[in-house]
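Since the structure comes first, as structure tokens, the remarks are kept for the end.
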Amino acid sequence: MSTTRGVATAPGRGQPEVPKYVAPKCIDLPDRQWPSRTLERAPQWCSVDLRDGNQALPTPLNPEQKLELFHLLCEIGFKHIEVGFPSASEDDFSSVRRLVDENHIPDGVFIMSLVQCRSHLIERTLESLEGVKHGILHAYCATSDLHMRQVFNLDPKGTIEMVTAAIELIRDGTSAMPESDIRFEFSPEEFTDTDPAFALEVCEAAFETWGKATAEKPMILNLPATVERRPPNHYADLIEWFCRNFRERDKVTISLHSHNDQGMAVAATELALLAGADRVEGTLFGHGERTGNVDIVTLANNLRSRGIDTGLDFSDLPRIAETIERLTGMPIYYRQPYAGEFVFTAFSGSHQDAIRKGMHKLDEAPRKFGMGWKVPYLHVDPADLGRKFERLVRINSQSGKGGAAWVLEQDYGLEVPKPMHPELGHAVQRLADEVGREIQSAELYALFESEFLKPEGPYRLIGYWPRPDDADPTQIHGELKVVVDGVEKTVSADGNGPVSAFVHAMQQLDTPAFTIDDYHEQAVGKGADTKAMAYVPLKLDDGTVIFGVGEDTNIDQAAVRAIVAGLNRVRNAQKQ
Ligand code: KIV
Ligand code: ZN
């Protein structure tokens, strides 16, 4: 092998060198309609977790696990569920039988069994569905030139003969099961690598041979991107072309089945739906061969985010994700759309700030934007997915001051006033730099406590007793007991309120000079457990402002504790 301008080439034996990779050509469809369409309704969904998904697991599911997953899929709302490949595995056969024999299939759910277009496998597959109320027999055969030449050594005519011979058996076998509503699905495997005219010919032949399709009980034509060899727009062109050219379009359901080799299965499926497909096969979180099948969680939630009712219930996605992780033994990636741990989390300061503002102004969204949910950096509401206690904001060295305030507010109900955010931000930044990792919520609260609420320092309040003047209740006499540098002191002073009397009393004790213009107070908690919090800015002579925070059941006592905390912080700062 050699390289030409960075592109590898491979010598054919005795032939000229050809490029190793060549861009796939697509059909000519200059009047394609799909780019100007908008998706308005959800497709029919078919879960292939128990077949395509299961066959690609390092440790396939055992019968109990299969049953658990089947029930989960029903609960989510799937009406078509491919449950196995009964002719290929005894285990699959018995687990399909168990669903039927033990009455696990809810009304309205079709279970689907897969089979190759090989006569000797069909009987066993029909047997797997015996007695089922609603079933789908799914037959597939690879139709690509690549498969026909390199794998089966068949020509197109031989392939069509094999397909129709198999379908004749399926047709006759299902006709002998009149008590069951058994539909038929055919997949030309590697459809996207198949000559489109040939794929159409095979599918027409399959349709004719089945001969039982009606608009009410359509045959399913599943057109797979078995390997993602093309860009998404090609898939859409192929589907639109196929839908336009299939003779009895109203008697077939056009189904998509994409794999994710180039990471675009969701995009390809969305475009192919625009192109006219009716149904989607895929798996939860994209399990399946190699890079997996299309991820139905992402796809369905994308549609939902555009206001489409998908019929699938992902309102408890954490539980679904936990179940799939446990059953498959494979963790879900942190950044997996909708389900990953970090997908609704902002670490960076500017994102945190924007989210906080957007969340606070959420009730203005309908008027301003004509939709109920419009929040910076969050395209959907995590609560819709059951992520109720979502950590929208997490703290590390990249986080801003607003992020720490948000976490304190969300987790502890603390309304840190805006002017205090920079001081809080610096303290958090120092800690984050020191530990070099994410800071957990409890650590943040501990920092808030040790830095602002109960800082070490020379002052320790023993008690403060404010009393209104007997003649003029607007005048307050305050008596203060405090330890300063280990020495207990008692002082009294007057003021036009409890806090001003306290400030005057403290100023007799050789504290740094300070004034208080205004301070923020709030109630935290409910009922008898309600506590008052005070956030008091001490303004020093040089214009510096240092905050102290106090808590107490009484708001005036909270304020004086905040002043003591603030003075300790001033002293600590002066020592540095
Ligand atoms: O990917 C594929 O083509 C398949 C077929 C069996 C439908 O899984
Ligand atoms: Zn597949």
Side-chain angles (χ1 to χ4, degrees), residues 43-57 60 78 80-89 92 96 110-118 121-122 125 128 136-148 150-152 159 162-163 166-167 170 183-196 198-199 202-203 206 219-230 232 234-235 238-239 242 252-266 268-269 272 277-296 299:
Q44 291 173 37
W45 303 106
C46 174
S47 155
V48 296
D49 290 81
L50 286 159
R51 198 275 299 171
D52 225 349
N54 185 48
Q55 77 190 33
L57 293 178
F78 286 99
H80 289 185
I81 302 176
E82 190 164 54
V83 286
F85 200 158
S87 62
S89 123
D92 271 24
V96 178
F110 285 74
I111 60 162
M112 180 158 99
S113 286
L114 179 71
V115 67
Q116 281 168 319
C117 285
R118 304 253 174 202
L121 303 177
I122 287 167
T125 312
S128 77
I136 302 170
L137 202 147
H138 176 190
Y140 77 100
C141 177
T143 49
S144 66
D145 212 23
L146 175 65
H147 256 79
M148 288 191 294
Q150 310 286 72
V151 185
F152 300 138
T159 301
M162 188 166 82
V163 168
I167 298 176
I170 294 169
R183 312 279 172 95
F184 179 55
E185 169 169 334
F186 173 69
S187 294
E189 194 190 8
E190 282 270 28
F191 165 76
T192 53
D193 198 36
T194 299
D195 167 23
F198 181 57
V202 180
C203 289
M219 172 177 153
I220 300 166
L221 281 174
N222 184 49
L223 307 177
T226 303
V227 179
E228 190 171 47
R229 300 174 187 274
R230 297 175 171 280
H234 283 202
Y235 196 27
L238 287 167
I239 296 295
F242 191 97
V252 289
T253 295
I254 300 296
S255 175
L256 306 172
H257 178 116
S258 31
H259 283 262
N260 197 35
D261 299 79
Q262 298 191 25
M264 298 191 283
V266 169
T269 307
D278 312 298
R279 179 178 182 269
V280 169
E281 295 191 351
T283 57
L284 300 178
F285 310 113
H287 283 288
E289 292 284 9
R290 307 178 309 281
T291 50
N293 289 70
V294 69
D295 170 20
I296 289 190
L299 186 61

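Start at 1 and go down the list; that is how both ligands and their atoms are numbered.
- Without hydrogens or angle criteria, Asp49 side chain to Leu284 main chain gives a donor-acceptor distance under 3.5 Å.
- Protein residues having a heavy atom under 4.0 Å from any atom of ligand 1 are Arg51, Asp52, His138, Tyr140, Ser187, Glu189, Asn222, Pro224, Thr226, His257, His259, listed by chain and number.
- Side chain to side chain, Ser187 and His138 meet the donor-acceptor criterion of an N or O pair below 3.5 Å.
- With hydrogens and angles left out, the side-chain atoms of Ser255 and Asn222 include a donor and acceptor closer than 3.5 Å.
- A donor atom on one side chain and an acceptor atom on the other are found under 3.5 Å apart for His259 and Asp52.
- Here Arg290 pairs with Asp261 under the salt bridge (charged side-chain N to carboxylate O under 4.0 Å, His left out) rule; sequence neighbours left out.
- Applying the side-chain contact (heavy atoms from CB on, under 4.5 Å) criterion to Gln262, with sequence neighbours excluded, gives Glu228, Met264.
- Looking at Asn54, its side chain never comes within 3.5 Å of a backbone N or O of Pro60 through a donor-acceptor pair.
- Excluding waters, the set of protein N, O or S atoms lying under 2.8 Å from the Zn ion (ligand 2) comprises Asp52 OD2, His257 NE2, His259 NE2.
- A salt bridge between Arg279 and Glu281 is present, with a side-chain N of the basic residue lying under 4.0 Å from a carboxylate O of the acidic one.
- Judged by distance alone, with hydrogens and angles left aside, the side-chain atoms of His80 form no donor-acceptor pair with the main-chain N or O of Trp45 at under 3.5 Å.
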